[in-house]
Asks: 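Handing you a structure now.
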Amino acid sequence: MPEFSFYPLSIDSITDPEAGNSGVIRLFGRTTDNKRVCVLDPSFSAYFWAIIDKKSSVKSLTEEILALKLDETKRIVHATNVTYEEKQFLGETVHALKIAVNNPRDINVLKDDIKEMTGVIKCTETDIPLAQRYTVDTGIEPLQLCTVKGTAIKKDYITDMTIEATHLTAKEDSLLTQPRMLAFDIEVYNKIRSPNSDEDPIVMVAMYGTGNYKKVITWKDYPGRKKHVTVVKNEEALIAMFLDDVRSFGPDYLVGYYSDGFDFPYLKDRAHQMGIDLDLGLDESNVRFSRRANTSTAKITGMPHMDIFKFIRRIVSGQLNLPSYTLDAVAKHLLGEGKTGADVGQLYAAWDEGGERLGEYAEYNLIDAKRTFQLMEIMIPQLNEFVKITGLPPEEVSRMSYGRLVESYLLKNLQQFNEIAPNRPYQNVIGARDGDRVEGAFVFQPEPGVYEDVAVFDFKSLYPTIISVHNICPSTLTAGKKDAHTTPELTFHGKKRTFNYNYKKDGIFPKLIRDILIRRNRIKEMLKKNKKDPVLHARQYSLKILANSAYGYFGFSGARWYCKECAASTTAYGRDYIAKLIEKAEKEKFKVIYGDTDSIFLSLGGKKTLANAKTFLDDVNKELPSLMELELDGFYPRGIFVMKKGDKTGAKKKYALIDEEHDVKIVGFETVRGDWSGIAKDTQKEVLRIILEDNDIKKAVRYVRDVLMKTESGKLPIEQVHISKKLTRGVDEYTAEGPHVKVARQLIKRGETPGIGSTITYVVQEGKGSIGGRSVPADEAEAYDAEYYIKNQIIPAVERIFEAVGYKKEDLLAEHKQKSLGDF
DNA sequence: ATCGAGTATAA
DNA sequence: GTTGCTACTCGAT
């Protein structure tokens, strides 16, 4: 009887037609001696719960449920086993029947009849995927080494062996950390910017894999071709060879960058036209596509396909904070090297001409695949941490949302509470929930001006600690005030009220969040000794994300544990903590200049020292409940707050600070926004720097004047007047057409297909009429409307900075006009 | 002058 | 399939 250890890479379930369509768990993985295996575990049964009104109903209901025989097409649906357990459901002790079935699909049929039975209150956990249920109940998890005993069977899987397991056990703490990976990228022939799969062929595909594997396939030969470039006779042969190469390489992960959204859908369209199947599955099945909202996914049975773009965009973007997440931008940031310099827009021309230039594009293609591979390598520790936290397979984790993260973590940790989970809401419930709004955070109204010696404090993980300390949870929400935390007064559905959370027992969220925060604190301690450890870093980051997602999850309409009261209570406590902190600071004669959600800014301004501020910090921390902590976020010799447009009050969420290392931190200004021209952003940045660092307003005025003159002369580099905005819907769906929509129409007219999510870059030119009417695609612009850029871009970007230091816009303009008049 | 739509960012 | 808050421009009225 074969016995070996292996790392599961994907876990899913199938039904076995030879055993009455009963559910079978299927694990594809890699053995410790590097073989590919498929392990089938038929021993695990699907089940769900029925919550019933009283214990005395158990016997009769059990009989009634077991007697159910429902006729479905080609099968009889029935329960195989019913057992009674006392469980917890949202904080209540309940009587529950665990109802097992043969075919996982039977759950959906049975539950409708069972919930109508007298004595049954509701059916729940009817929508948990069998594979997820399996990992939770057995502890067999993706990437965790496990040992299997069983019989080798013949099944048509493309693996070294297929085993039907008799014993399957998880080994402790051994994770697959070095998967065999293959990254790929395709290049398409296209004259206009967005390729059309009905016409434009795939001309190259590159692969880069573990062990320095590299290969480019193309279908036109050229002089000087390198030996890793293979030429085939046409596009059809290119696709066929690509599929063969992927199969024979046998990756644990097949990796792409935006391959869910582009490479695979494109390959599918082209292959379909040629009558080829993308049958990469280890069961010879085709790549499976699904579309939801505006994202698509491409999955391959047994061969996890990872779209690393999605993971970076959704999960890691919080720590990267880049303005753009193109492969080039992300690779430059994380690897120090981006794409090659080749202009992919000219690939079609090189292809038509033939010749040596094609070599540049083969190199470009290969480097794209290589960068994708390198990015995946960097992401592995982070990905592994999320796999451990959620128990989800890597391909799911790579496409995971925050809601899914929280929910998977909860489902995985419910046993310690003896709790059963609510079902996911139906669409109509989600719709009803969407109308609910809760009051958010407090933002301090700043006074415009320049401040000296600014100390910034913030609460460490404010919302997670509040949830934990005040036991905020759908399972502890209670009507009575006895033995309960009562929230500060808040507005809910238009009425003033408070909520109570019983503290007699730990809530699910509070307990799990406390564990997470404590674990994270421990890891951060370890990180102090071992600063660069990527695994520790990934671990603390994943815990941070998880803890921070809990508040958002409470208010998320698609959540199982949706709880608007909990979300409202969390922010109410947040406002209360900040208000009390401000009150205390003012009582201690500190000048509070700003605060937002979890932070306060104190201006020491000569009267107080940093030591005073630190004493204040210590005092505050002595009074805070354990887990909660105020931290010194930073000390800044100078800072500036500006006023809102139109009135004299200070603008919130908009300020700049300079630290002792002379680094300027700019928040909320146009400079850090993508939808302003380069000239406006650069000018604003420099003005802020001059004022904060040199403290020389005259110098700043001189600087702006120079910029205005240069702008007026028409000599700015054209890129400096590019403005970019994203299309968030189809061009015809707009009711109000801004300039970027009008420009998108021009692009369509010249044959391009700017779709949802594409960025439109344009230049405003001179002429009559609306700004939109005078805007043209950036690549068509040679000149710009100097007046527009002066009046609508540069001046607005700097005027309120000058106002904050007592300098009028008119002065700035007047000096500019005099000067320029003199010039003419 | 005012308002809604659209876009983007902070936390 | 995280939340809410603020600020701005453009175009319509």
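In what follows, chains carry the letters A, B, and so on, assigned in the order in which the sequence lines appear, proteins first and then strands, with residues in each chain numbered from 1. Because the structure is a prediction, the values reported are computed rather than measured.
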Asks: Between the protein and nucleotides 1-5 of chain B, which nitrogen or oxygen pairs come in under 3.5 angstrom?
Replies:
residue: B/dA5; atom: O3'; partner: A/Thr735; partner atom: OG1; Å: 3.0

Asks: Determine the contact category for A/Asp458: base if any of its heavy atoms lies under 4.0 Å from a base atom, sugar-phosphate if only primed atoms, P, OP1 or OP2 are that close, otherwise nothing.
Replies: nothing
Asks: Quick one: on DNA chain C, does A/Val443 or A/Ser549 contact a more 5' nucleotide (nearest heavy atom)?
Replies: A/Ser549
Asks: List for me each residue that meets side-chain hydrogen bond (donor to acceptor under 3.5 Å, both in side chains) alongside A/Tyr551, sequence neighbours excluded, and say none if there are none.
Replies: none
Asks: Using the side chain to side chain donor-acceptor pair (under 3.5 Å) rule, take A/Gln540 and A/Arg520 through it: C-alpha gap first, then chi angles, then the decisive distance, then the call.
Replies: CA-CA 5 Å; A/Gln540 73 80 20; A/Arg520 177 161 187 253; 2.8 Å; yes
Asks: Would you give the length of the straight line joining atom CE of A/Met400 to atom NZ of A/Lys310, rounded to the nearest 0.5 angstrom?
Replies: 13.0 Å
Asks: Which pairs, with at least one residue in residues 676-685 of chain A and sequence neighbours excluded, count as a salt bridge (Lys or Arg N to Asp or Glu O under 4.0 Å)?
Replies: none
Asks: Taking it one step at a time, do A/Gln793 and A/Ile723 satisfy side-chain contact (heavy atoms from CB on, under 4.5 Å)?
Replies: CA-CA 10 Å; A/Gln793 292 273 321; A/Ile723 299 171; 3.6 Å; yes
Asks: Would the base of C/dG1 count as contacting A/Arg424 through its side chain, where contact means a donor and an acceptor less than 3.5 Å apart?
Replies: yes
Asks: Please name all residues satisfying side-chain contact (heavy atoms from CB on, under 4.5 Å) with A/Asp576, sequence neighbours left out, ordered by chain then number.
Replies: A/Pro488, A/Lys580
Asks: Could you check how far CZ of A/Arg433 sits from C1' of C/dG1, rounded to whole Å?
Replies: 12 Å
Asks: Mind pulling the stems DNA chain C is in, i.e. runs of at least three Watson-Crick or G-U pairs, everything under 3.5 Å?
Replies: B:1-8 with C:6-13
Asks: Just how far, in rounded Å, is C1' of B/dT9 from CH2 of A/Trp676?
Replies: 14 Å
Asks: Which pairs would a plain distance check flag for residues 462-469 of chain A, meaning a side-chain donor or acceptor within less than 3.5 Å of a matching protein atom at least two apart in sequence or in another chain?
Replies:
residue: A/Thr465; atom: OG1; partner: A/Ser461; partner atom: O; Å: 2.9
residue: A/Thr465; atom: OG1; partner: A/Leu462; partner atom: O; Å: 2.8
residue: A/Ser468; atom: OG; partner: A/Pro510; partner atom: O; Å: 3.0

Asks: Can you tell me how the ring of A/Tyr573 sits relative to the ring of A/His470, calling it parallel under 30°, perpendicular over 60° and tilted otherwise?
Replies: parallel
Asks: Tell me the interatomic distance from A/Tyr762, atom OH, to C/dT9, atom P, rounded to whole angstroms.
Replies: 12 Å
